[in-house]
Amino acid sequence: MEKNNDLSALRPRSSQAAISAGYRLFVSNFKHLFRASWLLAVIYALTMGVFACHFFQNVLPLLYQSNGLTGNSTTLVIGGALLLLFILIAAVFASVGFYAMSVHKDTGAIPRPARWYGLFHAGIAMRTIVSALWTVATVTVATAVLVGVSYGMKQMTGVSTLTDSVTSMTVLAVVTILILTAALPLAYSVVSGIVFKKKFGWRTPVEDYGKGIRHLGKLFLIALVVVIVTLLLTFVGQMPGHVLTIAHLLAQAGHAQGDPLGMPDNIGLITFGVFTLTGFIQAYIHLSTIFPFYYAVGGEEQNQQTATTTT
């Protein structure tokens, strides 16, 4: 395990220092994190494989039909249920990382789990699930706003698609940036609520939203770098999935034009296997994203606690 004055100390850090320390903490303790979470990662990957198989075999063909989505509610309900299940499992998996942070906060180290089948902390898992539901609600509202703005701009400009109007695209881009900026402080409040709060309730994930606004610049820079790193790692780790996705899209596009589907009979099994394998890799790529925010939030929380104690 990594335990030194640099990584064990929670102190105010610059964006660059928080990013560096977060990724170093994840990499140096990867063996312990893997032992603590491998079983949940398997469940995560299997769920992703099932969801991908259902989407490509049942949902994607509907997108190429004029009334496919409205006439197949059962397929959409199953897809929505699988997506919600995947989000909940992803939250439980992420809770392993948050629990490691909570231990590191108190001891300055991430210990090796005693049990071979991993580690599960019910309290941290419940906090993470509640925070995930808040995130889902935020994304849902943001999506509804974007859809409403898109519909309104189409009605005002009279164009068939928004790409035909530069003004519409500009307004939509501005609205998107404003929504992302407003949602970014949630990163502070979520990490603070899960890792640093002694008491936790349904409103805890948004109670420190104001603190997130005060540190918006730092959160933005960290989020920007983390997104770029995650996209690069995902591009490489998900390469087989990308190839298979393109194959599905081309096959369905051709099938909609009257061509044969052109996919092997065991494409469902292939899809499940590919996305299960890449899902396992993706789980740990995504787990790494929370550690830079741990140092960004932890340093500020420690600084505030020290100031409160001295006064």
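- Between I179 and A142, the shortest heavy-atom distance links the atoms CG2-CB, 3.3 Å.
- Salt-bridge annotation for R214 and E300: absent, with no side-chain N of the basic residue lying under 4.0 Å from a carboxylate O of the acidic one.
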Between F291 and Y23, is the ring pair (Phe, Tyr, Trp, His ring centres under 6.0 Å) condition met? List the steps. CA-CA 6 Å; F291 283 84; Y23 280 119; 8.8 Å; no

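- With respect to F275, the ring pair (Phe, Tyr, Trp, His ring centres under 6.0 Å) criterion is satisfied by exactly one of Y44, F51, F55, F56: F56.
- Applying the salt bridge (Lys or Arg N to Asp or Glu O under 4.0 Å) rule to K197 yields the partners D208; only residues at least two apart in sequence or on another chain are considered.
- Looking only at atom types and distance, the side chain of T271 has a donor-acceptor partner in the side chain of H248 under 3.5 Å away.
- Here the side chains of I87 and L133 are not in contact, with every heavy-atom distance at 4.5 Å or above.
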Could you walk me through whether T128 and Y99 pass side chain to side chain donor-acceptor pair (under 3.5 Å), step by step? CA-CA 10 Å; T128 310; Y99 178 67; over 6 Å; no

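- Looking at every heavy atom in both residues, I270 comes nearest to P264 through CD1-CG, 4.3 Å.
- Comment: K105 does not engage E301 in a salt bridge, judged by the lack of any side-chain N to carboxylate O separation of less than 4.0 angstrom.
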Quick one: do F98 and F293 satisfy ring pair (Phe, Tyr, Trp, His ring centres under 6.0 Å)? Show the steps, please. CA-CA 11 Å; F98 285 120; F293 292 99; over 10 Å; no

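- Note on L216: it clusters hydrophobically with L186, by side-chain heavy-atom contacts below 4.5 Å among ILVMFWY residues.
- Relative ring orientation between H104 and Y295 is described as perpendicular, the plane-to-plane angle rising above 60° on a 0-90° scale split at 30° and 60°.
- Between H215 and Y188, the ring planes are parallel. Angles under 30° get that label, and only those over 60° would be called perpendicular.
- A pairwise comparison of heavy atoms in Y284 and F280 identifies CD1-O, 3.5 Å as the closest pair.
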